[in-house]
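This report concerns only the one structure given below.
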Amino acid sequence: MNQYRIATWNVNSIKVRLPHLLQWLEQQSAKNQPIDIIGLQELKLTEDKFPFDEIEKAGYYSIVSGQKTYNGVAILVRKEALSLVTQDRETAFLDFQKNIPGFEDEQQRLIAATIHLKNIQPLRFICGYFPNGQAVGSDKFSYKLKWLEALQSYLHAQLLQHSRLLLVGDYNIAPKDEDVHDPAKWIGQNLVSDDERKYFFQMEEMGLIDSYRLFDQIPKSFSWWDYRMMGFRRNAGLRIDHILISPALKEKAALCAIDKTPRTWEQPSDHAPVIITINQ
DNA sequence: ATGGCCGCGCGTCGCGGA
């Protein structure tokens, strides 16, 4: 059976992490499990500085919404996986969109495109770098909630147009206490507070499914670990990177996993990639 | 021990990250 693998990864600077990205993509291909689409977050550079050529040499087309120093998101698609009619750079990403329509924002946090892979129906792929929020009650937290509010309306409209939709990225929300290494310590804090979790649950009420929880997972599985305090070695992490899928994709989902391998490499991103496997 | 780490920028500390 044909399967496709779709991933998300907050790379925390594409300039610094390009070798890791290329190594990881190569490693997946070598296992005969190539990543067909990947959403990247926290590029921390403008589009003119994005390494399009190196990534294309590795077999991927990219589209980018970049910003100096902060934020920035991209979608990569494996050229070989593209359908015959969308094999060119110009047709690989259809209905390409940067930012949430109608939401004025300097910060580059969202990018979306429709992608036609070989032998399967088109996928609407939305990649988001949700605001961090800094601290509950801060200005940045208000911005986070406004952004989440705008995202809800956008998603509602997108779901009406696209039955096969994925929303991937760094949500900066740990939806449940099982997604938190020490829930008692984190109670009510940024990333975990009810105010932001409410939006995650609203997305689920809209029909979106947290694909990671469709499958058995090891307890205390996380996607981010603080650089400080030996977070990774102590497994003091949070699960804040997610792949939500629309109902039409639920029966097609075969697996969802976090790959901690790149987090063990020298000079890693603080986030690990999350991968969903979709049956044809 | 509530800190400790990173990446970035006209930088050699402050900010943002989560």
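Keep in mind that the numbers below use all heavy atoms, side chains included, and drop hydrogens, waters and symmetry copies. Sequence lines set the chain letters: A, B, ... in the order given, protein chains first and strands last, and positions in each chain run from 1.
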Say you pick atom [atom1] in [N] and the same atom in [M]; how far apart are they, in whole Å?
N	M	atom1	answer
B/dC10	B/dC15	C1'	16 Å
B/dG3	B/dG9	C1'	25 Å
B/dT2	B/dC13	P	25 Å
B/dA1	B/dC6	C1'	22 Å

Rounded distance (Å) that lies between atom [atom2] of [N] and atom [atom1] of [X]:
X	N	atom1	atom2	result
A/Asn190	B/dG17	CG	P	10 Å
A/Lys15	B/dC8	NZ	C1'	9 Å
A/Gln67	B/dG17	CD	P	10 Å
A/Trp265	B/dC6	CH2	P	17 Å
A/Gln134	B/dC15	CD	C1'	9 Å
A/Leu45	B/dG9	CG	C1'	14 Å
A/Lys44	B/dC15	NZ	P	16 Å

Under 4.0 Å, heavy atoms only, any strand: does [X] hit a base, just the sugar-phosphate, or nothing?
X	result
A/Asn71	nothing
A/Tyr129	sugar-phosphate
A/Asp226	nothing

### Message
Please pick, from B/dG4, B/dG9, B/dG17, the nucleotide with the shortest atom-to-atom distance to any side-chain atom of A/Thr69.
### Response
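Nearest to the side-chain atoms of A/Thr69, counting from C-beta on, is B/dG9.
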
### Task
When you get a sec, tell me which of B/dC8, B/dC6, B/dG4 is the closest nucleotide to the side chain of A/Val16?
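Of B/dC8, B/dC6, B/dG4, B/dC8 is nearest to the side chain of A/Val16.
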
Quick test of your reading of the model: are [X] and [Y] salt-bridged, counting only N-O distances below 4.0 Å?
X	Y	value
A/Glu178	A/Lys220	no
A/Asp270	A/Arg228	no
A/Arg234	A/Asp182	no

### Query
Does a donor on one side chain and an acceptor on the other come within less than 3.5 Å for A/Tyr212 and A/Ser223?
no

[N], OP1 or OP2 - any side-chain N/O from [X] closer than 4.0 Å?
X	N	result
A/Gln267	B/dG7	yes
A/Arg228	B/dT2	no
A/Lys140	B/dG16	yes
A/Lys68	B/dC10	yes
A/Ser13	B/dC8	yes

### Message
Using the salt bridge (charged side-chain N to carboxylate O under 4.0 Å, His left out) definition, which of the options A/Lys79, A/Arg5, A/Arg78, A/Lys118 pairs with A/Asp36?
### Response
A/Arg78

### Task
With DNA chain B as reference, determine whether A/Arg234 or A/Tyr70 sits nearer its 5' end, using the nearest nucleotide of each.
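The residue whose closest nucleotide sits nearer the 5' end is A/Arg234.
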
